[in-house]
Amino acid sequence: MPSPFFFGADVFYVTTPIYYVNDEPHIGHAYTTVAADVLARYGRLLGKDVFLLTGTDEHGQKVAQAASNLNLSPQQQADTLVVRFQQLWAQLNISHNDFIRTTEARHKQVVQTVLTRLYERGEIYEAMYEGWYCLSDERFWTEKELTQGNCPDCGKRVEPLSEKNYFFRMGKYREALLDYITQHTDFIQPEHRRNEVLGFLQRPLGDLCISRPQSRLSWGVPLPFDNDYVTYVWLDALVNYISVPGYTVDDVRFERHWPAIHLVGKDILTTHAVYWPTILMALKLPLPKTIFAHGWWTLDGAKMSKSRGNVVHPNKIINAVGVDAFRYFLLREVPFGQDGNFSHDALTMRYNGDLANDLGNLVSRTISLIGQLRGGVIPKPYGVIDVSEREIVAIANTLCDNIRDDLSTFRFDRALAHIFKLVGRTNGYIEHTAPWALAKNSSQSERLDTVLFHMAEAIRCIAFYLRPFMPGTAEEIERQLGLPPSYSKAVVNDRPFWGGRLVGARVVKSGPLFPRLEKPAPPATMESSCPVPQGPMMASSPVDKPIVTIDDFKKLDLRVGLIVAAEKITGSKKLLKLSVDIGCERRQIVAGIGARYAPETLVGKQIILVANLEPVTIMGVLSQGMLLAAGGTEVLGVATFQEDMPAGTTIQ
Ligand code: MSP
């Protein structure tokens with residue numbers, strides 16, 4: 001396993017790609033930016049001097065083309081779109097230390113200095129270029145490199161081109177780069193991407209065309225040594241990583257921060273892992289600490305693209321499930337280096353399962369029980385700590401090392417899984433110790449204090465570790481625990497120290513952290529014309545259904561049923577045939593719970609059966625009643641009992 005080397009240093013400089021302002025931000029942009037934010041926030045917890053940089057890539061053909069399509073100047077286009085990115089980062093709680101726009105003077109000046117240095121050192125030369133040009137990728141290709149006459153990268157049409165240009169002597173660095181990558185196993189991650197780059201470098205490496213004639217494209221930084229040309233957008237863009245920390249402008253600041261950790265998508269690996277390091281070698285600068293290439297999101301299995309109209313817009317998701325649930329989903333659902341599929345069902349499952357059910361319920365029952373049983377004041381633990389407490393304390397104490405390992409290897413999903421293990425075990429601890437039962441016996445008062453204290457302390461630890469991932473949720477849990485707002489700001493450590501600091505705090509009872517989603521989260525791809533509600537989507541209100549009288553309700557014959565057999569109904573994914581014992585007889589019912597439960601897990605389960613429902617035949621199978629379950633189209637759980645009940649007992 002790679003060493004957690006970058007958390008060992010005092011300074012921690014992390015970057016996102018800078019995003020083209022040719023279109024609205026989408027889920028891919030949010031993905032890298034949230035991941036970088038988590039690393040930055042975690043670095044700050046460790047007391048590091050963190051510098052998180054993001055921004056926008058505003059020059060080049062793509063932006064000029066998008067502007068011309070809208071009859072805008074490229075600068076107007078950039079000025080309009082940059083706000084969308086800045087608003088989204090504010091909404092997503094991104095804690096960047098700077099935001100660079102490549103049209104800013106502070107950046108353009110460094111691009112020109114870099115070009116001058118390279119030119120004066122003979123690293124840039126002028127030559128006639130004859131070949132093919134891909135407009136979409138803004139890249140030149142030789143005849144040999146084309147795939148069936150098209151761009152080998154994006155597959156789009158290429159155009160023949162013959163013109164004078166300037167070239168960077170990239171090819172001469174091929175061996176040096178190969179050696180560097182071979183010797184530095186952490187340099188390109190994950191490993192399969194590193195192997196890809198090593199494979200790419202086995203072939204001859206050409207020089208890089210770094211100019212575009214003004215006659216063809218004027219939207220760029222002019223070359224300092226030839227005014228008829230502008231800089232190739234990728235050279236311009238990559239330089240942002242050194243222009244912002246002060247290369248050639250503020251040596252002390254620059255040397256403090258550089259080199260960086262770059263997070264990028266897999267499609268821009270070559271530009272970052274080949275072009276950029278060779279430019280840095282020519283400038284005699286250290287190479288980035290790590291370039292991590294993450295995977296791509298698809299939507300319901302299909303590649304997202306504007307033309308297909310299936311691009312996932314982050315603000316739609318945020319409006320439906322809230323900022324932190326979106327941050328959680330992005331990093332929990334898919335390992336960072338792999339491709340992942342976005343679906344509304346998957347989002348709803350994560351939300352309802354991990355957040356509403358596991359975390360939300362844990363917090364709300366802890367706060368409620370302390371409210372009900374101890375007047376809202378967190379009690380002092382007493383006496384003997386038994387094995388069940390020891391287990392959650394042990395998990396909490398190992399979390400620090402687990403998370404450090406996971407985050408230094410970019411395994412955000414695993415770090416979250418480790419935190420949610422503590423959530424799960426604490427829920428189990430509550431079931432096992434049953435504080436509501438302890439409260440009935442006055443001789444158990446000290447034991448009850450101990451249990452309530454451990455519940456509160458566990459959620460304090462959970463909030464602590466969730467901070468980098470879900471900063472708003474962490475703060476809200478701490479507020480509900482009665483901790484002062486200064487508490488989270490004061491801690492600089494990645495270990496929350498299990499101990500007595502909560503004793504005497506007064507809890508604050510509040511609404512649910514994650515109100516359950518009744519219906520799947522709405523599609524995040526459509527533009528909606530009606531205003532979207534802020535905050536998490538609430539369960540449907542009672543006015544959705546007519547009021548019934550108590551007499552109407554009493555007409556229902558509700559019984560305790562015991563499932564004695566269960567099997568799938570052929571041809572259906574959801575329907576199960578259940579045999580249910582209701583004391584005096586056995587009923588056969590058809591239940592749509594097959595997506596939630598495997599049949600064998602249901603045998604022996606007690607359910608609530610509507611016993612006087614008119615029988616119906618579903619998919620050719622007779623159903624003599626209906627069981628009660630939570631959820632809408634998606635079943636979240638069947639209603640059952642804490643204690644064993646005799647089958648057939650009436651429920652009213
Ligand atoms: N401007 C360049 C980057 C220059 S960095 C010096 C650029 N911009 S971009 O706006 O087109 O893309 C930015 C990032 O979004 C890339 O890292 C890309 O991988 C990522 N994504 C675009 N679509 C994506 C998905 N569907 N899924 C995940 N990330 C994706 O390239």
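No hydrogens, no waters, no symmetry mates; every other heavy atom, side chains included, goes into these values. These numbers come from a predicted model, not from an experiment. Atoms within a ligand are numbered from 1 in the order they appear, just like the ligands themselves.
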Applying a strict 4.0 Å limit to heavy atoms, is [X] in contact with ligand 1?
{"X": "H294", "value": "yes"}
{"X": "W276", "value": "no"}
{"X": "K62", "value": "no"}

Enumerate the atoms of ligand 1 whose separation from the nearest heavy atom of [X] is less than 4.0 angstrom.
{"X": "H29", "value": "10 (O), 13 (C), 15 (O)"}
{"X": "D57", "value": "1 (N), 2 (C), 4 (C)"}
{"X": "H272", "value": "5 (S), 6 (C)"}
{"X": "G295", "value": "28 (C)"}

* K266 N/O under 3.5 Å from ligand 1 N/O -> no
* Asked: Judging by distance only, is a nitrogen or oxygen of I18 under 3.5 angstrom from one on ligand 1?
  -> yes
* Asked: Going by an N to O cut-off under 4.0 Å, is there a salt bridge joining K303 and D339?
  -> no
* **Minimum-distance pair of heavy atoms, taken over all atoms of P288 and W258** =>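 So the two residues come closest at N-CZ2, 4.1 Å.
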* Compare every heavy atom of Q112 with every heavy atom of P222, then report the nearest pair and how far apart it is. =>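 It is O-NE2, 2.7 Å.
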* To do: Check whether any side-chain heavy atom of P25 sits under 4.5 Å from a side-chain heavy atom of Y19, and report yes or no.
  => no
* To do: Side-chain contact test, heavy atoms from C-beta onward, threshold under 4.5 Å: evaluate it for Y351 versus Y328 and give yes or no.
  =>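 SC-SC contact between Y351 and Y328 ruled out.
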* **Sequence-distant partners of A64, side-chain contact (heavy atoms from CB on, under 4.5 Å), two or more places apart** => L217, W219
* Asked: Which protein non-hydrogen atom lies closest to atom 16 (C) of ligand 1, naming both residue and atom, and how far is it?
  -> I268 CD1, 3.7 Å
* Structure fact -> for atom 9 (S) of ligand 1, nearest protein heavy atom and its distance come out as Y20 CD1, 3.7 Å
* E123 side chain to Y173 side chain, donor-acceptor N/O pair below 3.5 angstrom -> yes
Nearest neighbour of [atom] from the list [options], on a heavy-atom basis:
{"atom": "atom 29 (N) of ligand 1", "options": "G265, A237, G28", "value": "G28"}
{"atom": "atom 13 (C) of ligand 1", "options": "W297, W296, Y19, Y241", "value": "Y19"}
{"atom": "atom 18 (C) of ligand 1", "options": "D23, V63, D267", "value": "D267"}

* Asked: Does CZ belonging to R169 count more than 12 external heavy atoms closer than 6.0 Å?
  -> yes
* To do: Using a 4.0 Å heavy-atom cut-off, say whether H26 meets ligand 1 through its side chain, its backbone, both or neither.
  =>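 It is the side chain that touches ligand 1; the backbone stays farther off.
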* **With sequence neighbours excluded, residues passing salt bridge (Lys or Arg N to Asp or Glu O under 4.0 Å) with R193** =>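 So R193 forms a salt bridge (Lys or Arg N to Asp or Glu O under 4.0 Å) with E196.
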* To do: Is it possible for you to check whether R404 lies under 6.0 Å from the centre of the six-membered ring of Y42, through NZ or CZ, and within 45° of that ring's axis?
  => no
